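By convention in this document, chain letters (A, B, ...) are assigned in the order of the sequence lines, proteins followed by strands, and residues within each chain are numbered from 1. Worth saying up front: this structure is predicted, and the values here are computed from it rather than measured.
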Number of protein chains: 2
Amino acid sequence: MNGKNNPEWHRNFRQRGLRITEPRKAILEVLNNTTEHLSAEEIYTEVHKTYPNIGLTTVYRNLELLEEMGIIAKFHFGDGRSRYELIQSPQKPGHHHHLICTGCKQIIDYDDFVDEEIELLNKVEQALSAAHNFQITGHTIQFYGICNSCRGNL
Amino acid sequence: MNGKNNPEWHRNFRQRGLRITEPRKAILEVLNNTTEHLSAEEIYTEVHKTYPNIGLTTVYRNLELLEEMGIIAKFHFGDGRSRYELIQSPQKPGHHHHLICTGCKQIIDYDDFVDEEIELLNKVEQALSAAHNFQITGHTIQFYGICNSCRGNL
DNA sequence: ACCTTAATGAAAATGATTTTCATTAACAAT
DNA sequence: ATTGTTAATGAAAATCATTTTCATTAAGGT
């Protein structure tokens with residue numbers, strides 16, 4: 001059901017003594033096949049189609065797990081719910097950032113200038129590490145705005 | 001009680017037909033005198049000391065209002081509650097970004113490299129505006145990491 | 001001092017996420 | 001293949017931040 005990359009996370013899980021379960025397979029399956037930034041409930045709804053027994057709690061629990069394993073990233077786009085994205089998605093560009101329409105809430109992945117952004121981020125990261133004695137683990141860059149069609153609706 | 005900058009927001013409010021009320025004065029007073037990034041409840045608690053009649057609802061309502069008036073900014077630092085900061089704070093550097101410790105949740109305002117960051121952000125902003133036909137209204141840059149003492153606690 | 005109505009506060013409602021707990025099912029050992 | 005251990009699950013209840021409702025209060029123009 002989800003091709004050759006199975007072994008990868010299987011091994012990853014087993015090393016930690018974690019089990020390969022149907023809900024886990026189904027959740028990763030959904031994440032693997034979307035270009036969107038799904039919320040827990042949206043993932044639940046999607047998984048539910050092929051695995052009707054799934055519980056929303058299980059989705060939450062596994063998203064938390066996957067996040068701390070570094071397999072998915074959790075985002076806050078200002079709509080009051082967390083959204084999740086596979087860090088290595090077959091459906092997406094590599095390192096990208098997000099552009100959010102505050103009107104219709106659509107989220108656009110962009111990677112124009114990301115190289116430059118990352119270069120600067122690295123520089124800032126080093127400066128901050130040194131100045132504040134932090135071990136930097138991640139960053140967030142987002143742009144907010146109003147898309148073309150939402151502007152029309154004003 | 002809060003010096004010479006009163007007239008400023010008073011005028012601002014009155015122009016919109018909004019009233020100058022005790023709760024509003026008290027909330028702005030608190031925001032004016034902190035270097036922290038307070039949540040609604042923290043603001044409520046603080047205001048409550050000098051104005052015990054304040055309601056949490058009123059705090060939320062006014063924070064929303066102040067945000068849409070462009071007087072305060074609302075942030076999400078990943079601890080599940082919104083946090084607020086005066087955009088022009090007498091207690092803070094001008095345009096700054098945030099460094100968050102995921103251990104103890106402390107938030108550090110930094111402005112090293114902010115000029116460079118902003119320069120790049122402007123460039124990206126223009127590119128994104130053009131490419132996606134967006135009218136960009138804001139951005140978020142944050143770094144996450146683990147501070148020195150939290151690293152010790154691991 | 002009076003009126004109009006914006007603003008408030010308390011309580012209830014909502015919505016996302018977490019916790020609890022009894023049941024189920026992975027999978028290591030047999 | 002069968003079994004035993006215990007990680008994982010699902011349902012229901014609990015929690016927590018935020019929003020809504022609605023009757024009351026108080027700004028501030030008259």
For [X], which contact category applies under a 4.0 Å heavy-atom criterion: base, sugar-phosphate, or nothing?
X: B/R14; result: sugar-phosphate
X: A/Y44; result: nothing
X: A/Y51; result: sugar-phosphate
X: A/T21; result: sugar-phosphate
X: A/R61; result: base

Residue met sooner reading DNA chain C from 5', once A/S82 and A/E22 are mapped to nucleotides:
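Result: A/S82.
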Closest nucleotide of DNA chain C for B/P23 versus for B/T57: which of these residues is on the 5' side?
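The 5'-side residue here is B/P23.
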CG (B/L38) and CZ (B/R83) are apart, to the nearest 0.5 Å, by 7.5 Å
Whole Å only: how far is the [atom1] atom of [X] from the [atom2] atom of [N]?
X: A/F13; N: C/dA25; atom1: CZ; atom2: C1'; value: 16 Å
X: A/L56; N: C/dA16; atom1: CG; atom2: C1'; value: 9 Å
X: A/I54; N: C/dT24; atom1: CD1; atom2: P; value: 17 Å

Residues touching DNA chain D, which here means a heavy atom under 4.0 Å, drawn from residues 62-74 of chain B
none
Kindly say if A/Y60 contacts the phosphate of C/dT18, meaning a side-chain N or O under 4.0 Å from OP1 or OP2.
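False: A/Y60 side-chain N/O out of range (4.0 Å or more) of C/dT18 OP1/OP2.
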Can you tell me which residue pairs pass the side-chain hydrogen bond (donor to acceptor under 3.5 Å, both in side chains) test with a partner in residues 51-65 of chain A, sequence neighbours excluded?
A/R24-A/N62
Verify the cluster assignment for B/I72 and B/I20: are they in a single hydrophobic cluster under the rule of side-chain heavy atoms below 4.5 Å apart?
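Yes, because B/I72 and B/I20 connect within a single hydrophobic cluster, where side-chain heavy atoms sit under 4.5 Å apart.
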Kindly calculate the angle separating the two end axes of the helix from C/dA1-D/dT30 to C/dT30-D/dA1, each obtained from five base pairs, and round it to 10 degrees.
40°
Which pairs with one or both residues in residues 97-132 of chain B pass ring pair (Phe, Tyr, Trp, His ring centres under 6.0 Å), sequence neighbours excluded?
B/H37-B/H98, B/F75-B/H98, B/F77-B/H98, B/H95-B/H97, B/H96-B/H98, B/H97-B/H139
With a 4.0 angstrom cut-off to heavy atoms of chain B, pull out the first and last contacting nucleotide of DNA chain D, in 5'-to-3' order.
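First-to-last contact on DNA chain D, by the 4.0 Å heavy-atom rule, is D/dA17 to D/dG29.
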Verdict with reasoning, A/R81 to A/E42, per salt bridge (charged side-chain N to carboxylate O under 4.0 Å, His left out):
CA-CA 11 Å; A/R81 69 194 76 188; A/E42 287 166 350; 5.1 Å; no
Keeping to residues at least two apart or across chains, list the salt bridge (charged side-chain N to carboxylate O under 4.0 Å, His left out) pairs with something in residues 99-111 of chain A.
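Passing the test, one end in residues 99-111 of chain A: A/K92-A/D109.
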Chi angles and distances behind the side-chain contact (heavy atoms from CB on, under 4.5 Å) call for B/L66, B/Y84
CA-CA 10 Å; B/L66 290 167; B/Y84 303 85; over 6 Å; no
5' priority, DNA chain D, between B/E41 and B/R19 [closest heavy atom]
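Of the two residues, B/E41 wins.
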Between A/T140 and B/Q142 (side chain of the first, backbone of the second, donor and acceptor by atom type, cut-off under 3.5 Å), is there such a pair?
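Not at all, since once roles are kept as given, no pair shorter than 3.5 Å links the two residues.
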Using atom types as modelled and distance alone, determine if a side-chain donor or acceptor of B/T102 lies under 3.5 Å from a backbone N or O of B/G145.
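Checked: pair present.
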